[in-house]
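Numbers restart at 1 for each chain; the letters A, B, ... are given by sequence-line order, proteins then strands. These values consider heavy atoms only, across backbone and side chains, with no hydrogens, waters or symmetry-generated copies.
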Amino acid sequence: MTVVTRFPPSPTGFMHIGTARTGLFNWLYARRHGGKMLFRIEDTDRARHSEEAVTAIVNGLNWLGIDWDGDIVSQFAMADRHAEIALELLKSGKAYYCYCSPEELEQMREDAKKEGRITFYDRRWRDNPPSAPPEGVKPVIRIKAPMSGERVVYDKVQGEVRVASEQLDDFIILRADGTPTYMLAVVVDDHDMGVTHVIRGDDHLNNTFRQNIIYEAMGWDIPTYAHLPLILGPDGVKLSKRHGATSVEEYRDMGYLPEAMRNYLLRLGWSHGDDEIIETDQALQWFDLEGIGQSASRFDFDKLNYVNAHYMKLADNSRLVDLVSDIYQLRNINITPLHRERLLVRMDELKSRSKTLVQLADDAEFLVKSIPYDFDEKALAQLNEDGKFIVRVIRDNLSGLDDFTAEELETLCKSTADYHRDGKLGKVMMPLRAALTGSASSPSLVHAMEALGKEDVLLRLDFALSHNT
RNA sequence: GUCCCCUUCGUCUAGAGGCCUAGGACACAUCCCUUUCACGGAUGCGACACGGGUUCGACUCCCGUAGGGGACGCCA
């Protein structure tokens, strides 16, 4: 039997990081077994449907490098088929019309709460209707849930999960307006689409009992289930907006690489021994349901940063130049071919120093900014009288350099330090760094100077020397 | 409130009764490297929620307690 998984997001306008992880797991599982992953939009509630929302999810998936098989299926488009099944269940006596008013239901709900029951519908229209159907009331269709015994779900992650039938009521499968509820729609679609493995969030575990009632009523095969524990915020509560970032596009904008995101998300809730760095190719060979943990995990930015730093070191330099250029574009810094060349030349060093693309952009910004630029407080402190003296000495000696190379520059700095500063190289480098970068920290200065070129270095030193500090 | 699930270092986790003096990774601390900030290297700190069983033996099995999470819609 070929494996068929599915990715069924609700069109909420963005892709939650938890949704992304679920998608990743479904994708890995399907690909690992040479199967398919289907993509279905859960828009039974058409009020929620919007094209922008679908686009946001597609973009998220594309960015993450996750693909799917076939077209994107709209659940709403299948409404007729869902109604047909509801009617079939009605005909076979496994479902029935219920004419309860919202007020009656509200009353039942209150009573149930008072008595501490999880279910509330009293099944008054199930077998012996209290009266003839009221005039002009459109009924809903409810399914007949078993009234005694125990229900059990076999879950690949949680094992056998049992619940007493009394905990399940006759839930609605078709609304009064003839549209299906989510509970009916998922089951019918999963069956029709040939889904063999349902890998989804833990929050659906309880629904599984209800869905299985429909499967059984229709005589359909129940899929294999795997319910993933949820992702919590760093403080242990459900990851939400107040934690800063919940959607994949936010992580992209914070400067994380998609391959790092995949690795991090994979390890959050799944393990393969002590392995931490697991590239996607490897994951495609290793991923299994057995490795999924049973408890909720917290999102940890430190670990994500570490993983991202790792993948940045592996990343192709010109790709990183592209990505970082996009960030500068957002900062209204115009990137010229000359800038790209400087970034590219220094990229080996740059990428080894940062944890995110945003950090890399900050770190390398001096390479692409133009005069006049600002000096931060620490830089200003370096450019005191003593500092400026050294900058001037270097500036005056620069013209005499045969080759404007890091080696030559370093030799010059060292001899300047020997002659003027007792051999203390830092006393030379710090003012020079402040003058050239406007800050007190930067990548290797002599290499940066070489990348900047003699002309630009001279201009910057003159600018710094003339700057009122 | 009721039901379901979960519980190993601060965090992510390894662990399928003796391999555990509980391993790895992130974070943290110290040291080394060093022109700054980083990177990197080394070392260190640090956990089986609690209480009962079962067993010759329990982190591993069972029960209870506590804590955390989730579900209880004509939402998905």
*Considering only B:rG69, B:rC26, B:rA76, which nucleotide approaches the side chain of A:Leu232 most closely?*
B:rG69
*Nearest-Å distance, CD (A:Glu349) to P (B:rU34)?*
16 Å
*Reckon A:Lys313 has a side-chain N or O less than 4.0 Å from the OP1 or OP2 of B:rG40?*
yes
*How is A:Cys98 classified with respect to the nucleic acid when contacts are heavy atoms under 4.0 Å: base, sugar-phosphate, or nothing?*
nothing
_Could you tell me how far apart A:Ile231 (CD1) and B:rG69 (P) are, to the nearest whole angstrom?_
16 Å
Quick test: give all pairs of protein nitrogen or oxygen and nucleotides 42-49 of chain B nitrogen or oxygen below 3.5 Å, distance rounded to 0.1 Å.
none

*asked:* Between the side chains of A:Glu106 and A:Arg109, is the shortest nitrogen-to-carboxylate-oxygen separation below 4.0 Å, so that they form an ion pair?
replied: yes
*asked:* I need the single residue from A:His197, A:Arg40, A:Gln211 that forms a side-chain hydrogen bond (donor to acceptor under 3.5 Å, both in side chains) with A:Asp190. Which is it?
replied: A:Arg40
*Quickly work out the A:Arg346 CZ to B:rA38 C1' distance and round it to whole Å.*
14 Å
*Taking the side chain as every heavy atom from C-beta outward, state whether A:Pro180 and A:Thr44 have any atom pair closer than 4.5 Å.*
yes
*Under the salt bridge (charged side-chain N to carboxylate O under 4.0 Å, His left out) rule, what do A:Glu385 and A:Lys388 come out as? Steps first, then yes or no, please.*
CA-CA 5 Å; A:Glu385 230 173 279; A:Lys388 281 192 169 178; over 6 Å; no
*asked:* Treating primed atoms plus P, OP1 and OP2 as sugar-phosphate and everything else as base, which nucleotides of nucleotides 5-15 of chain B get B, S or - for protein heavy atoms under 4.0 Å?
replied: SSS---SBSS-
*asked:* Can you tell me which residue among A:Arg142, A:Lys144, A:Arg123 is in a side-chain hydrogen bond (donor to acceptor under 3.5 Å, both in side chains) with A:Asp170?
replied: A:Arg123
*With a non-hydrogen cut-off below 4.0 angstrom, is A:Asn305 in contact with a base, only sugar-phosphate, or nothing?*
nothing
*So what does A:Pro443 touch, heavy atoms closer than 4.0 Å: a base, only the sugar-phosphate, or nothing?*
base
*asked:* Any base atoms under 4.0 Å from A:Thr179, or only sugar-phosphate, or nothing? Heavy atoms, all strands.
replied: nothing
*Heavy atoms under 4.0 Å, any strand shown: does A:Leu230 hit a base, just sugar-phosphate, or nothing?*
sugar-phosphate
*Would you say A:Lys355 reaches B:rC39's phosphate, i.e. side-chain N/O to OP1/OP2 under 4.0 Å?*
yes
*OP1 or OP2 of B:rA76 sitting under 4.0 Å from any side-chain N/O of A:Tyr182?*
no
*Which part of the nucleic acid, if any, lies within reach of A:Val163 when heavy atoms closer than 4.0 Å are counted: base, sugar-phosphate only, or nothing?*
sugar-phosphate
_What's the closest nucleotide to the side chain of A:Arg142 if the choices are B:rA76, B:rC74, B:rA25?_
B:rC74
*asked:* For A:Thr356 and A:Asn308, which I'm curious about, is there any donor-acceptor pair between the side chains at under 3.5 Å?
replied: no
*Using the side chain to side chain contact (heavy atoms under 4.5 Å, CB included) rule, pick out the option among A:Tyr225, A:Tyr29, A:Trp270 that qualifies with A:Leu289.*
A:Tyr29
*Going by heavy atoms in the side chains, are A:Tyr264 and A:Tyr311 under 4.5 Å from each other?*
no
*Assign each of A:Tyr99 and A:Ser352 to its nearest nucleotide of RNA chain B by heavy atoms, then name whichever residue's nucleotide is nearer the 5' end.*
A:Ser352
*Of the candidate nucleotides B:rC37, B:rA76, B:rU35, which contains the atom at the shortest distance from the side chain of A:Gln75?*
B:rA76
*asked:* Heavy atoms only, 4.0 Å cut-off, all strands: where does A:Val428 land among base, sugar-phosphate and nothing?
replied: nothing
